[in-house]
Structure formats: C-alpha cells, structure tokens
Number of protein chains: 2
Amino acid sequence: MTGTTLDDYTDRYARRVRGMTASEIRALFSVASRPEVVSLAGGAPYIAALPLDAVGEMLGQLAAEHGTTTLQYGIGQGLPELRERICEVMALSGIDASCGASPEDVVVTVGGQQALDLVARLFLDPGDVVLAEGPTYVGALGVFQSAQAQVVHVPMDDEGLIPEALEAAVADCARAGRRVKFLYTIPTYQNPAGVTLSEERRERVLDICEQAGLLVVEDDPYGQLGFESEAPRPLRARRRDGVFYLSTFSKTFAPGLRVGWILAPHAVRDKLVIASEAQILCPSGYAQAAVSTYLGTMPWREQLKVYREVYRERRDAMLTALADLMPAGTTWTRPAGGLFVWATLPEGLDSKAMMPRAIAARVAYVPGTGFYADGSGSNHMRLNFSFPAPERIREGVRRLAGVMDQDIAMRRVFGQVSQPGRRGQAGADAPGPDLA
Amino acid sequence: MTGTTLDDYTDRYARRVRGMTASEIRALFSVASRPEVVSLAGGAPYIAALPLDAVGEMLGQLAAEHGTTTLQYGIGQGLPELRERICEVMALSGIDASCGASPEDVVVTVGGQQALDLVARLFLDPGDVVLAEGPTYVGALGVFQSAQAQVVHVPMDDEGLIPEALEAAVADCARAGRRVKFLYTIPTYQNPAGVTLSEERRERVLDICEQAGLLVVEDDPYGQLGFESEAPRPLRARRRDGVFYLSTFSKTFAPGLRVGWILAPHAVRDKLVIASEAQILCPSGYAQAAVSTYLGTMPWREQLKVYREVYRERRDAMLTALADLMPAGTTWTRPAGGLFVWATLPEGLDSKAMMPRAIAARVAYVPGTGFYADGSGSNHMRLNFSFPAPERIREGVRRLAGVMDQDIAMRRVFGQVSQPGRRGQAGADAPGPDLA
C-alpha cells in the first residue's frame, strides 16, 4: 500500500475523531509547561504533597516481595481487595451498604476517563443525546463525540445545574423526537465551573431524571476535596438504581497510576466488565495493588486533609488575587472544593483570541470554548489553582489581568482587539497559530 | 428509576457485548487457578524468572526520587523516552529507521489489547469484515465483535496463513459485496496455533493485501521469544505503509504493568492518539517510566534469553509428554517460540464437552472454540507451556491423556460420550455447567 493509497484508505474509512479542541488543548499544555509560563491551564494534583519516600518504599516492596502476583495478569473487574477498599472510600461520602454499594458492583478502570468511555460504549448509539452541564469536562465531550452522540448543555448557576433548565431540555428533546440516553453530571466542585449542586436540587434533579426514564452518570473526582463544610451527599447515595457513580484516585492519590472506578447498577456490571476486557483485558494489577496497599497501610485520610489544606490555601490565593487585580466587569465562581475557578470576562473580550497574548505574557489558562460541545464559552476561562504555588497563582493572575487590561484598552481605542504576531512566527513572544 | 425500569432501560439500550465465550473463559480461569489443577489454560509469562529484587528497587526509586513526574499526568501518545526505547526493541527484529520506524509514530497503549481496540475503533464500522487467521487470539475476537464487525477466518498450516486461502477469502468477500477493512494477523509464534508464517509467504501475504487495498494489522507479542533460529522479519520491517505493528511488554517484561504499543502509519498516528485520549486520557506515566527505566538500566536482552531458555525447556517438556502420552490420532503443532501448542483431538472428541471431565481430573486447557468467531474448533485445544514447570506440564498432559483415553473408550462402547455429573452439582468432581 503506497502512502497515497493509505491516505485514501484513511480518508475513506477512519472514523472522525474529536480533533480540534483536543489538539488545541494539547498544544496549549505543551506551551504552558515551559518553566517561564505560569500555568493556570492544567488540572494536575500537587503530587509533591505526598510522602513520596514512603510511597516509593511501598511500591518497591510490592514488586520485590509480591511481584509474581502484582506484575502478572489480573481479572477484568479488578482486584477484590481494591474493590473493598474502594467501598471504604465511597462510604466516607455516604455511599455504603445501606444504599446497596458493594465490591461486587465495582469495576476498576484506567482512571475516570475509561469509566466514562465504558458507560458511553455500552449505551450510546450515533445520534443519541447526552444531557450535560454547560460547561462540562472536556474529556467527557471527547468521549461523547467519539461515540457520535450529541451533547445538549444544561445551564448552571451558583447552586449548580438548574432543575428548570433540565426539565426544559428533557421536554425540548422529547418534542424534537431526540433520544436522550442519560444525564452526565459532575455535581460536586464541578470541572470547570467550580460550583456544587445544592442539597435540595439533588433530589429534584434525580426526580426529573427518574420521571424521564434517564440514567444518571455521576462523575465525582473531586467530592473528597472540599475546603469548607461537608459536600452534599452524592446522587448515588440517594438512589440505589439508575445512577452510575464514577470516580478516580487521580486527584486523591496519584494520576500517574491511572486507577479509577465505576460503581455500576448490578444489572449492567457484567456488561461493563466484558466491555472493559475488550478494551484493555484487565487494569494494571501493579497499580491496583499500589492503591490498595496505600489505602490499607498508609494514612490516606490524613493525606486527604493535607491535599484539602494545600488546595484551600491556593484557592484563597486565587480568589484574593482575582479580587485585587482583575479588571472591572470580570466575575468568577467561588469553589468550596476541587481544583478550578471559572471566570467570566468583561463584555467583548474573547478568551480564545486572547490566548496568544496571554502566552506572550507568560500565563496560560484554558479558554471556555473547550468545555462546550458547540464551541461557545469564548467569554469564559478555566483557572486551575491546585498545582501552582500561591505566589505563582498571584503572579499568574497579575499577568492575566495585564493582558485583559490591554485588550480592554485596545477595544476602547479601536472598537476591536488586534491580533499581535504574524502567522508563522515562533517563540514565546509570538506563539504559533495552533493556540489562536 | 426502579430496578425494573433499569432492566428495561438496559434491555432496550445496552449494546450487545461478546458474552458467552469471554465469560466461559473467565469461569475456566477461575477454576483453573485452584492449586490442585494443572493449568495449561493460561497465557501468563513466568514472572518468577525476573530479578524481582532489582525490579522492586528500580520501581521504588521511580516513586521516591521522581514521583512528582512519574505519578503525575502524562501525554496521550506516551513518554518520549519510552517511545525511543520501544524503537530500540523493534530494531532487534529489523523494524528500524531504514523502514521508517520512528518514536514519532509510536503510540503507547494499555497493553496490546488497547492497541487492537484503538485500531478497531478507528476503522471498523458495523458489518465490516476483518480477515484473521483461524484460529486467532480470543481477545481480538472480542474487540471485533464489540465493534460489530464480522470475522472471516483464513486457514493456516504449519507455515502459517495459507496465501491461496487469503486470496480466496478476499475474492469471496468482494463477490458478496462485503467490505473488508483489514487483515489481522499474528505471523510469529501464533496464538493459539503456535505456528509461524514462513519467509516466502510473508511477501505473498503483503502483496495480496496491497493489491486488495487492505491494511495489515500485525500483532507481534511473541516475536522475541523464539527458541531456535531467528524468526522471519516482521511484516512491518518489509513495508513502510499499510502495516500497523502492535506489540507489548506483557510477555517480555511484565503484564501487570499493562504497557504495549502501536507503530502506526504516520498518516493516522494523530487519530490514534486522539482516540486513546478519549478512552484513557493517557497511559500510566509510572508504568511507562518503569518499562523505560527497565530497558535503559537493566540487562533486558539477557532477560529475554532467560525467558527463551525457560520456555524452550517447557515447550520441550510438553512436546515430549504429548508424544509419550497422547492417544493415537492426536496431533499437535511444534512451536519454534511463543507460549502455546495447538492440539487436534482424535476424531469424535469434543474439547468443550470434555472440559468438565478434565477439570475433574485436575487439568485445564482452553477449548478450541474460543478462538473462532463462529464457535467451530471443538476438536482442538490450546495448551500453554510458559507458566507451569516442566514436571507439572508432564503431569497435566498425563491427566489430559487419561481423560481423552476414557472418552475414546466410552465412544467405542456407547458410540457417544456421556456427560458425567448432573446440572447443579458442585465441587471439583463435578464442576458447574458454566464450563460445559
């Protein structure tokens, strides 16, 4: 097969993949990882807060003393002892035996991403609708698009998803004859918006979905990273059936191990396992043993407190810097947990168009457009506070405010914002067009 | 949503998943893992041959000294240093820069399974045909079925895939108006057949696919586990375009880390990365660092020799035991590498029906039916020699021969084989119906 023929073959046959936004974000992260850039773009936990010597010792022993099992093949559903530990972790949030949570119904996955992909693979057919918060997790948009499903966004306010808007979306889809398969929601410390679905709305959202015959896919990577009062109990703690609960150890332990899970309704547990086996055969036995041993022998509850303290301090640094430095007309959410603040720009500013100027000013963020299936959101940006140190956060916000002030001034003078840098120029002062 | 409604929802919406064979094999492995059973059923490497203390020390250091990077998120394509090491590994087999192999075109995956799934996800639409050896890897059948593709098997002989049969299959599909997307092949030390595609047939197979405009998906997990002369060069070493080369560290290092890869034609590399990001976000940075450090600092070429020596001794033990003990009319392949022997039973014996009696006699294998999409293959079985020690292999073959002798005697007396044990009986003497 010649190169040309392969191109033809690819053009003819290769499935369309969500390209634009994902590759933009990759390019963004690549630029943002330069040391001179303050990156508020990532979503990385602050791994340096872990007791790395002790973790290293534990990991070494797992191979030296138990390598013949930990380094061997495992079973598709995941290690029984890890699934028991996962139930202990979920019980902290109120998902326990009283609401039917059992290690039998836990499926271990390659991070939260595979959990999402498995649910999508099991249920989504081309043309199906998924309801999701607007904005929502960019990786979920990738999964739904890969499944050729359509995302209908439901707006949020400071109390999270708006029940009336959810009802309206359900009704609109019904009227239009569109088949809605499930609601995908991150109810607690949402990514990217940083808001939390309030106690009373949780029941209403569940009722609406129940009445509409919709499954709920509850994604909860951040629920145990609250800074203030306890978070409202997860949706799964309130309903035994109809809710898939997805979570991960990426934010509470370490993303590099890629261990997440689904607590599935019993009726579909086996189907998820078989789908996962077709995808990856089995999750890493070594990574599973690492998480299981971490939870079984190390002070993980104390470590959660450490993460919460670190992130609270950084969130405070960000909120203070935003209040001190942002131009008038900018607003932002005040997250009670998690990793992100969602900012809304003064009228007329465009976070995506502004990105090259921000990088030139050595600060990075994710433009709001990444979090909407329809490319809207250009007057928003996501700001991460979990990874950079407090003084770097303030410096990043200072640089960002400077870029915004300039844009505002330019708008006043010219009525629109000019694009500095010419296509093809390279270097930190004029990043390539892939970020524009 | 009530339980009944969820069942309804699942019945209505959940995608059909390859259930029967996969769950049978799971049940089989569960029984086969009892210590009193000699399992010739698995496909596990002999991890105890690794220098586990040294591996443990290396893994511990990776977390203790480099945890802030190894335990953090990584990039979807995989670590650049690992992709360079992978090119060194492939160069051993003749896939090197001279045929266009480059770290740029390597995509790191969660074992060989995800590599297969990504290729399927990118190219297969429901109803498409995949050509594959008959028999072939059971996990590949799961992937293709999950993609709602049809597998058309192409027969093999002792020199592997029969080119004339491949031509005939291509022509048959063309005549029937069926769209064939690619040939999936394990040319070297095939799973489950243990045969190797001969030197001259490699060129013919490539020519046939080239003329038919078919991609080749070359799965090569075992190519470096040869016991005798060098294996013929991989297909990818002979063609720069049109061949996806898939492999894994599961057999040459450790399956518990779940690290495999695709060397992709450049034109589709990005699409594979984006598809993988939608599935798993990124492969485990820690596992990748482990493999990369193993390849960079430990004597992995020597370790390959150790594995080869161990497996050659075990293959010899199996071939000798088969020659000494198997009833007349039984035939088997003589693999020059890899992990498996493929046995053909005397006429009238059924390896699937015999399974409960084998388990009762404390020996396990995989019935041939697992390796055909159409459920044929009942007069075959796959026998693994990589994991059990030589004396266990001989004991397993002795037990298996005893069961076969009994079946043959019963057939002589009654004309058919009766099924011992009644449905519902439990225990090692009468295993449950899930294995029948």
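Only a predicted model underlies this, so the values are computations on that prediction, with no experimental measurement involved. Order of the sequence lines fixes the chain letters, A, B, ..., with proteins taken first and strands second; residue numbering starts at 1 for each chain.
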Between chain B and each of Ser250(A), Ala44(A), Ser284(A), Gly111(A), count heavy-atom pairs under 4.5 Å; write down the option with the most.
Ser284(A)
Given Gly42(A), Pro45(A), Gly139(A), the one with more heavy-atom pairs under 4.5 angstrom with chain B than any other is Pro45(A)
[X] versus chain B, the contacting section by heavy-atom distance below 4.5 Å:
X: Thr68(A); value: both
X: Pro51(A); value: neither
X: Phe249(A); value: neither

Would you give the length of the straight line joining atom [atom1] of [X] to atom [atom2] of [Y], rounded to the nearest 0.5 angstrom?
X: Gln113(A); Y: Cys282(B); atom1: CD; atom2: SG; result: 9.5 Å
X: Leu52(B); Y: Thr70(A); atom1: CG; atom2: OG1; result: 8.0 Å
X: Leu257(A); Y: Gln72(B); atom1: CG; atom2: CD; result: 11.0 Å
X: Gln279(A); Y: Leu118(B); atom1: CD; atom2: CG; result: 8.5 Å

At their closest point, which heavy atom of Ile47(A) faces which heavy atom of Leu71(B), and how far apart are they?
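Scanning both residues, the minimum pair turns out to be CD1-O, 3.8 Å.
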Minimum heavy-atom separation for Gly56(A) and Ala63(B), please, with both atom names.
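Minimum heavy-atom contact is CA-CB, 3.7 Å.
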Close side-chain approach of Pro283(A) to Arg258(B), heavy-atom, < 4.5 Å:
no
Side chains of Tyr286(A) and Leu59(B) in contact at under 4.5 Å (non-hydrogen atoms):
yes
One option among Pro255(B), Ala64(B), Ala290(B) has the most heavy-atom pairs under 4.5 Å with chain A, and it is Pro255(B)
For chain A, which candidate among Gln114(B), Glu57(B), Lys181(B), Gln288(B) shows the most heavy-atom pairs at distances under 4.5 Å?
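Counting heavy-atom pairs under 4.5 Å, the top option is Lys181(B).
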Decide if atom [atom1] of [X] counts as having more than 12 heavy atoms of other residues, nucleotides or ligands within a radius under 6.0 Å.
X: Gln303(A); atom1: CD; value: yes
X: Phe387(A); atom1: CZ; value: no
X: Gln61(A); atom1: CD; value: yes

Given Asp117(B) and Arg121(A), is the side chain to side chain contact (heavy atoms under 4.5 Å, CB included) satisfied, shown in steps?
CA-CA 12 Å; Asp117(B) 191 61; Arg121(A) 186 174 280 210; 2.9 Å; yes
Residues in ring pair (Phe, Tyr, Trp, His ring centres under 6.0 Å) with Phe244(A), at least two apart?
Phe123(A)
